[in-house]
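Here's the structure we're looking at; comments come further down.
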Amino acid sequence: MTPIPPTRRGACPAFLAPMETGDGLILRLVPSDGRLSPAQLRGLADAARRFGNGMMEVTARGSLQVRGLAPETVGPLQVAVVALGITPRIGLAVDVSPLAGLDPSEIADGRPLAAAILAGAEPLAGRLGPKVSVVVEGGGAVSLAGQKADVRLVATEPGQWALTVGNAPARVLPEAGAAAEALAALASIAALGRAARAADLSGCGGRARLAEAAAPLGRIPLVDGKLAFGFGLPFGAGDAAQFEAIADALDAAGARDVRPAPERTLIATGLSAGAADAFAARLAALGCITASGDPRARVAACAGAPACASAHIPARALAPVLAEAFAPLLDGTVSLHLSACTKGCAHPVPATLAFVGMDGGVALVHDGPASGAARPVRPVADLPAAVASLAATLAARRAPGETTRALLSRLDLAGLWAGAAMNRTDDVTSRAE
């Protein structure tokens, strides 16, 4: 069966509006207070098993997803979530750091500003499109720099925020003024209709300026002297049993709660130093990612075939192959993306290298979005061998002390990916800017 061509649907799965894909309906859940108790996580995993196919995901924006629902099981799952005491976020997405107010390294606590924007935007309910979002970055250990936003506010110093609407230049404003201007921008977007985004406003178009953000992994000090600990499941996904085992590990460590976080991670809070060490060891035994040096932390992969109806390749199944092959090259200067189609759902920021499923094979994109994929392509069946060959070639051509990013900037990657013969002794050519 030919995969459905990738299309922009103008929305993402939501708690009240699950989305159909290859393995059934996906329901997305963002706890309104940003946290789950271990018991709530355990209960959610059980509900995912009973009403879905048991698979759960943490997205790049730090949302939770339950997969494999049927139309008749959506309602029971929603009831189960509420019965667990989880209040889902409904309506406008206003994102702050999951550690806002707890992180001693933050410039400002973004929660009061976010709350003011949420309250002020209530009259716009139903008029803003489902993908319109606001990001409030107070700084600190958890970066939101990789999240797309129609309105972005970044703390520059206590009480001062840099406001960016769409892709317009930033303006630094005091907090009250920043809230008022953010609300004015949202009202202007709403006036254009539910299909509008900030980039449709006059002077706010142009190319998005997003940064690569490191996943918040490992120990993070908190203001109360306790520790938080960031971790992830491989490529952001696991089955109900894995999430239940994580809940057990949280209980054993005496964690206060667990918080979904950007870059497909979870953050446990309220740990002592000794408990954090034991917790990390237990997570490692469960196959979780606990440190930035883990090559899987540098690879983003969507669900892929057969779970996604738009997929051309089994991206998540192939992701371990990519991580293993490129492990010697993942020096912190590059990121990898394995996308089953040109939508690039798993990695909204352009990756250093993106392997993208297309009709007829897999394309390679260097420093660009998955949507920029073009030929040449390699056959899907050839992908593991092609990835291994490319990684080996890159490793062999890297000069002593050279970063992988610098190496890639001087290679003819399209030629290498196509398998073109390079007969010159100086087969490394400069990439045109």
Side-chain angles (χ1 to χ4, degrees), residues 1-13 19-23 26 28 57 59-61 63 65 67 129-131 133 146-148 167 195 197 199 205-212 235-237 263-264 298-319 321-323 326 334-384 386-387 390 408 413-419 431:
M1 176 178 175
T2 301
I4 298 172
T7 56
R8 295 284 177 189
R9 306 191 221 190
C12 292
M19 186 172 286
E20 182 75 40
T21 188
D23 61 351
I26 303 173
R28 184 170 292 177
E57 298 168 325
T59 72
R61 293 186 74 96
S63 302
Q65 290 188 161
R67 301 191 68 98
K131 296 193 79 169
S133 65
Q147 296 191 6
K148 290 183 178 180
N167 302 311
R197 303 295 297 275
R207 186 173 180 178
R209 296 182 296 276
L210 290 174
E212 188 81 39
F235 317 110
E263 309 306 323
R264 299 169 297 279
R298 304 299 299 176
V299 179
C302 60
C308 179
S310 298
H312 293 271
I313 59 173
R316 190 166 288 149
L318 291 168
V321 175
L322 185 63
F326 272 81
V334 295
S335 60
L336 306 180
H337 182 193
L338 190 52
S339 184
C341 74
T342 56
K343 289 189 295 182
C345 299
H347 199 273
V349 181
T352 314
L353 291 179
F355 299 82
V356 184
M358 301 174 64
D359 281 331
V362 181
L364 178 65
V365 178
H366 179 209
D367 279 339
S371 59
R375 285 169 169 67
V377 298
R378 299 295 294 263
V380 175
D382 185 40
L383 185 59
V387 164
L390 176 63
L408 296 177
L413 292 172
L416 290 175
W417 185 243
R431 179 172 61 91

Exercise for the section: Could you go through the side chain to side chain contact (heavy atoms under 4.5 Å, CB included) check for Phe355 and Ile313 one step at a time? Expected result: CA-CA 10 Å; Phe355 299 82; Ile313 59 173; 6.0 Å; no

Practice task
Specify the closest pair of heavy atoms between Leu408 and His366, including all atoms of both residues, with the distance to one decimal.
Solution key: O-CE1, 3.6 Å

Exercise for the section: I would like to know whether Asp359 and His312 meet side chain to side chain contact (heavy atoms under 4.5 Å, CB included); could you show each step before the answer? Expected result: CA-CA 7 Å; Asp359 281 331; His312 293 271; 3.0 Å; yes

Practice task
Would you check if His337 and Leu353 make a side-chain contact, meaning some heavy-atom pair closer than 4.5 Å?
Solution key: no

Fill in the blank from the handout: Closest heavy-atom pair, Pro350 versus Pro369, reported as atoms and distance to 0.1 Å, is CB-N, 3.8 Å

Handout entry: side chain to side chain contact (heavy atoms under 4.5 Å, CB included) evaluation trace for Thr352 with Leu336
Key = CA-CA 6 Å; Thr352 314; Leu336 306 180; 5.6 Å; no

Practice task
Check each of Val377, Leu364, Thr342 against Val356 using the side-chain contact (heavy atoms from CB on, under 4.5 Å) test, and report the only one that passes.
Solution key: Thr342

Problem - Distance in Å, Met358 CE paired with Ser339 OG, rounded so as to fall on 0.5 Å steps - result: 11.0 Å

Practice task
Looking only at non-hydrogen atoms, find the nearest pair between Arg67 and Thr21 and report the distance.
Solution key: NH2-CG2, 3.5 Å

Problem - Minimum-distance pair of heavy atoms, taken over all atoms of Ala315 and Leu338 - result: O-CD2, 3.1 Å

Completion exercise
In short, Gly236 meets Arg264 closest at the heavy-atom pair CA-CB, 4.0 Å

Problem - Full working for side chain to side chain contact (heavy atoms under 4.5 Å, CB included) between Ser133 and Gln147 - result: CA-CA 10 Å; Ser133 65; Gln147 296 191 6; over 6 Å; no

Problem - Polar side-chain atom of Arg378 near backbone of Trp417 as donor-acceptor pair, under 3.5 Å - result: yes

N/O donor-acceptor pairs under 3.5 Å from side chains in residues 299-309, not counting sequence neighbours:
none

Fill in the blank from the handout: Applying side-chain contact (heavy atoms from CB on, under 4.5 Å) to Pro379 and not counting sequence neighbours gives Asp382

Practice task
Taking the side chain as every heavy atom from C-beta outward, state whether Glu57 and Arg316 have any atom pair closer than 4.5 Å.
Solution key: yes

Completion exercise
Rounded to the nearest 0.5 Å, the CZ atom of Arg197 sits from the NZ atom of Lys148 at a distance of 8.0 Å

